[in-house]
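Reckoned from all heavy atoms, side chains included, excluding hydrogens, waters and symmetry mates. Bear in mind that the values here come from a model prediction, so they are computed numbers and not experimental data.
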Amino acid sequence: MSSHNESILREPLITGKDITYAQITDDILLPVENKPNKAWWIGFTVAALGAMLWVVSVGYTFWTGIGAWGLNKTVGWAWDITDFVWWVGIGHAGTLISAVLLLFRQNWRNSINRSAEAMTIFAVICAATYVVAHMGRPWLAYWIFPLPNQFGSLWVNFNSPLVWDAFAISTYFTVSLVFWYCGLLPDIATVRDRATGLKQRIYSILSFGWNGSVKTWQRFEIVSLILAGISTPLVLSVHTIVSMDFATSVIPGWHTTIFPPYFVAGAIFSGFAMVQTLLLILRKVMNFENYITMFHIESMNKIIMVTGSIVGIAYLTELFIAWYSGSEYEMYAFANRVAGPYAWAYWAMMTCNVISPQLFWFKKIRTSIPISWVLSIIVNIGMWFERFVIIVTSLHRDYLPSSWAMFYPTWVDVGIFVGSIGLFFTLFLLFLRFLPGIAIAEVKLLLKSASLQQKTKLVQEGAFPEDQVEYFRNSLDKYDTVTEEDIKALRKK
């Protein structure tokens with residue numbers, strides 16, 4: 001076997017027969033260049049209605065104040081901060097797939113990084129809305145940034161974790177946006193070259209004069225690596241700083257050093273689950289089965305399984321440390337989580353986040369598209385409950401029994417949360433309508449090395465040992481786009 005050929009033991013990242021560079025472009029740009037199909041319109045209508053609910057709920061909050069929420073004198077943080085942390089966590093997988101996997105030269109990221117990056121941008125936007133809404137005076141939101149005293153306000157308190165949040169989230173959003181847009185440039189130029197009239201002029205402006213020269217590609221690759229290097233520490237730092245909102249306090253259940261790594265693992269866990277949810281729908285609705293293969297689905301399920309196990313260990317560690325500390329307040333905080341009024345939320349969290357990901361140890365479940373999709377949704381439900389358990393159950397019974405109170409959400413709480421999901425999907429569907437959902441240029445790099453047709457050609461030329469060919473042939477049974485004829489073709493002439 002010649003040195004430039006990829007090992008036959010590696011599963012193909014592109015399936016299908018007779019795929020050419022032109023066909024890859026046509027397939028991926030089909031939703032962009034043509035009118036949306038019925039499935040897109042149904043999804044967009046439902047998402048837009050959700051976004052309208054968000055506008056109404058946030059507008060009502062701004063008009064009447066945050067007293068419209070279910071907050072009380074004991075539980076000052078509830079659904080709003082729960083949703084904020086949940087959305088920030090979902091945004092983590094995009095940066096991980098884009099930056100970390102790029103630095104480690106993992107080619108399976110090429111088909112999924114574009115949608116994951118877009119998901120990051122929209123999730124962070126949804127998270128930022130909660131920070132502004134919870135301020136109570138959203139017109140003074142700029143006060144969280146260090147402004148000179150001439151503006152009439154003192155410099156911000158850099159000892160406050162909420163100020164750290166503002167810097168971490170804004171930095172994360174800026175770098176992620178630049179990384180996402182730079183990766184889009186060659187594909188926008190492709191759309192530009194195939195468009196006419198006003199559409200061509202718009203995409204010409206958006207492409208920033210991309211000409212496809214060797215020098216341009218060299219600069220593109222250098223910038224991608226630089227941005228990946230900058231983004232990688234953000235994967236660890238952003239949710240670490242979010243966790244310090246709680247860890248730097250003295251409230252039992254929050255004051256713990258395990259929060260930073262625990263929050264990062266949970267963010268990757270929930271982020272990959274949301275990527276899985278979106279890509280399985282995208283794969284079916286946009287007919288991207290040849291580019292988002294079972295290998296991609298199985299790889300993400302493995303990461304969900306590993307990070308879910310890490311989160312489970314963190315849960316058990318919290319319980320152990322609370323007991324080992326000997327602090328009656330810490331022990332009661334966790335006893336209250338397990339058996340108190342909100343015990344149903346705790347056990348929902350444990351079931352969704354610890355038990356359900358362990359099903360991915362079984363290959364049949366790991367390679368089942370319907371089960372993978374359902375479990376990815378279950379994981380995100382569980383991660384929302386995790387944030388709810390950490391925040392609400394730690395607050396509603398504090399040091400003073402006389403101030404204990406239950407939290408009950410109002411229609412505004414529910415409306416903002418459901419509406420933010422609608423806002424997220426509205427932005428994501430608009431992205432799929434006007435920009436390529438898969439990185440065309442990056443997928444084309446795989447055609448001559450990691451595609452099924454290329455491996456089939458090499459097998460027929462006798463480039464691989466027969467035992468490796470047999471192993472490869474048997475591994476293709478799980479692919480829904482690989483037929484019996486494709487498997488039979490994997491034999492020497």
Heavy-atom nearest pair, Leu96 first then Val235, reads N-CG2, 4.1 Å

When you measure from the side chain of Asn301 to the backbone N and O of Phe360, does any donor-acceptor pair fall under 3.5 Å? no

Please assess Glu117 against Ser98 for the test side-chain hydrogen bond (donor to acceptor under 3.5 Å, both in side chains), listing each intermediate value before the final yes or no. CA-CA 7 Å; Glu117 291 167 11; Ser98 301; 2.6 Å; yes

Could you check whether atom CE of Met52 has more than 12 heavy atoms from other residues, nucleotides or ligands sitting under 6.0 Å from it? no

Would you say the ring centers of Trp86 and Phe388 fall short of 6.0 Å from each other? no

Asn380 and Ser270: CA distance, side-chain angles, deciding distance, side-chain hydrogen bond (donor to acceptor under 3.5 Å, both in side chains) verdict: CA-CA 6 Å; Asn380 267 313; Ser270 60; 4.6 Å; no

Should Thr277 and Val275 count as side-chain neighbours, where that means a heavy-atom distance under 4.5 Å? no

Return yes if some donor-acceptor pair links the side-chain N/O of Ser243 with the main-chain N/O of Phe263 below 3.5 Å, else return no. no

Assess the pair Tyr181 and Phe208: is the distance between their ring centroids shorter than 6.0 Å? yes

Pairwise side-chain contact, Ser176 with Ile121, heavy-atom cut-off 4.5 Å (strictly under): yes

What verdict does the side-chain hydrogen bond (donor to acceptor under 3.5 Å, both in side chains) test give for Ser420 and Tyr130, after you've listed the backbone C-alpha separation in whole Å, the side-chain angles of each residue and the deciding distance to 0.1 Å? CA-CA 9 Å; Ser420 69; Tyr130 284 97; 3.1 Å; yes

Please walk me through it: do Arg337 and Trp347 pass side-chain contact (heavy atoms from CB on, under 4.5 Å)? CA-CA 9 Å; Arg337 288 186 185 182; Trp347 292 111; over 6 Å; no

Checking Tyr291 against Arg283: is there a side-chain donor and acceptor pair closer than 3.5 Å? no

Give me the atom names and distance for the closest heavy-atom approach of Thr74 to Ala405. OG1-CB, 3.9 Å

Answer yes if the ring centres of Tyr60 and Trp411 are under 6.0 angstrom apart, and no otherwise. yes

Taking it one step at a time, do Phe424 and Trp87 satisfy side-chain contact (heavy atoms from CB on, under 4.5 Å)? CA-CA 10 Å; Phe424 172 82; Trp87 278 119; 3.5 Å; yes

Set of residues satisfying side-chain contact (heavy atoms from CB on, under 4.5 Å) with respect to Leu236, sequence neighbours excluded: Val264

Just so I know, are the side chains of Trp164 and Val238 near enough to count as touching, which here means a heavy-atom distance under 4.5 Å? no

Testing the basics here: between Ser57 and Ile416, what is the closest heavy-atom pair and its distance to 0.1 Å? CB-CG1, 3.5 Å

State whether the side chain of Gln276 and the backbone N or O of Ile297 hold a donor-acceptor pair below 3.5 Å, judged by distance alone. yes

Taking Arg387 first and then Asp83, would you say they form a salt bridge - that is, a charged N and a carboxylate O separated by under 4.0 Å? no

Side-chain touch Asn353/Phe269, heavy atoms, less than 4.5 angstrom: yes

Does any part of the side chain of Trp77, heavy atoms only, come nearer than 4.5 Å to the side chain of Val392, both counted from C-beta? no

Under 3.5 Å, side chain of Thr171 to main-chain N/O of Phe167, donor-acceptor pair present? yes

Shortest non-hydrogen contact from Ile230 to Leu234? O-CG, 3.8 Å

With a 4.5 Å limit on heavy-atom distance, are the side chains of Trp108 and Met300 in contact? yes

For Gly326, is there any backbone N or O sitting under 3.5 Å from a side-chain donor or acceptor partner on Glu330? no

Are more than 12 heavy atoms from other residues, nucleotides or ligands located less than 6.0 Å from atom CZ of Arg137? no

Donor-acceptor under 3.5 Å (Thr426 side chain, Ala47 main chain): yes

Ring geometry between Trp384 and Phe417 (parallel below 30°, tilted from 30 to 60°, perpendicular above 60°): tilted

Counting N and O atoms only, with roles assigned by atom type, does the side chain of Ser115 sit under 3.5 Å from a partner on the main chain of Ile112, one being a donor and the other an acceptor? no

Centroid-to-centroid, Tyr315 to Tyr262, below 6.0 Å? yes

Quick one: are His296 and Arg109 in side-chain contact, heavy atoms under 4.5 Å? no

Distance in Å, Leu185 CG paired with Arg219 CZ, rounded so as to fall on 0.5 Å steps: 13.5 Å

Report, as yes or no, whether the 6.0 Å neighbourhood of atom CH2 on Trp254 holds more than 12 heavy atoms from other residues, nucleotides or ligands. yes

Does the pair Trp54 and Ile421 meet the rule for a side-chain contact (heavy atoms from CB on, under 4.5 Å), with working shown? CA-CA 9 Å; Trp54 177 83; Ile421 297 175; over 6 Å; no

salt_bridge(Glu298, Lys363) N-O dist < 4.0 Å: yes

For residues Trp210 and Phe220, establish whether the separation of their ring centroids is below 6.0 Å. yes

Going from CD1 on Ile440 to CD1 on Ile28, what distance comes out if it is rounded to the nearest 0.5 angstrom? 5.0 Å

Show the nearest heavy-atom pair for residues Pro233 and Gly229, with the distance to one decimal. CD-O, 3.0 Å

I need the minimum non-hydrogen distance between Pro31 and Met286, along with the two atoms involved. CG-SD, 3.5 Å

Heavy atoms of other groups near Lys73 NZ, more than 12 under 6.0 Å: yes

Are Val75 and Asn72 close enough that some pair of their side-chain heavy atoms sits under 4.5 Å apart? yes

Among Phe407, Tyr408, Trp404, Tyr342, ring pair (Phe, Tyr, Trp, His ring centres under 6.0 Å) partner for His396: Tyr342

Do the side chain of Asp80 and the main chain of Ala78 share a donor and acceptor less than 3.5 angstrom apart? yes

To the nearest 0.5 Å, what is the distance between CG (Asp398) and OG (Ser403)? 3.5 Å

Between atom CG of Leu13 and atom CG of Leu446, what is the distance when rounded to the nearest 0.5 Å? 5.5 Å

Applying side-chain contact (heavy atoms from CB on, under 4.5 Å) to Cys182 and Leu227, what does each step give before you reach the verdict? CA-CA 9 Å; Cys182 286; Leu227 289 174; 4.0 Å; yes

Using the ring of each side chain (for Trp, its six-membered ring), is His134 parallel, tilted or perpendicular to Trp69, with breaks at 30° and 60°? tilted

Scan side-chain atoms only and decide if Thr481 and Thr15 contain a donor-acceptor pair under the 3.5 Å cut-off. yes

Give me the ring orientation class for Tyr329 and Tyr399: parallel if the planes are under 30° apart, tilted from 30 to 60°, perpendicular past 60°. perpendicular

Distance only, no hydrogens: is a donor on one side chain within 3.5 Å (strictly under) of an acceptor on the other, for Tyr479 and Glu11? yes

Only one of Val443, Leu282, Thr293 clears side chain to side chain contact (heavy atoms under 4.5 Å, CB included) with Phe288; which? Leu282

Ser249 side chain to Asp245 main-chain N or O, any donor-acceptor pair under 3.5 Å? no

Mind telling me whether Tyr172 and His92 have parallel, tilted or perpendicular rings, with 30° and 60° as the class edges? tilted

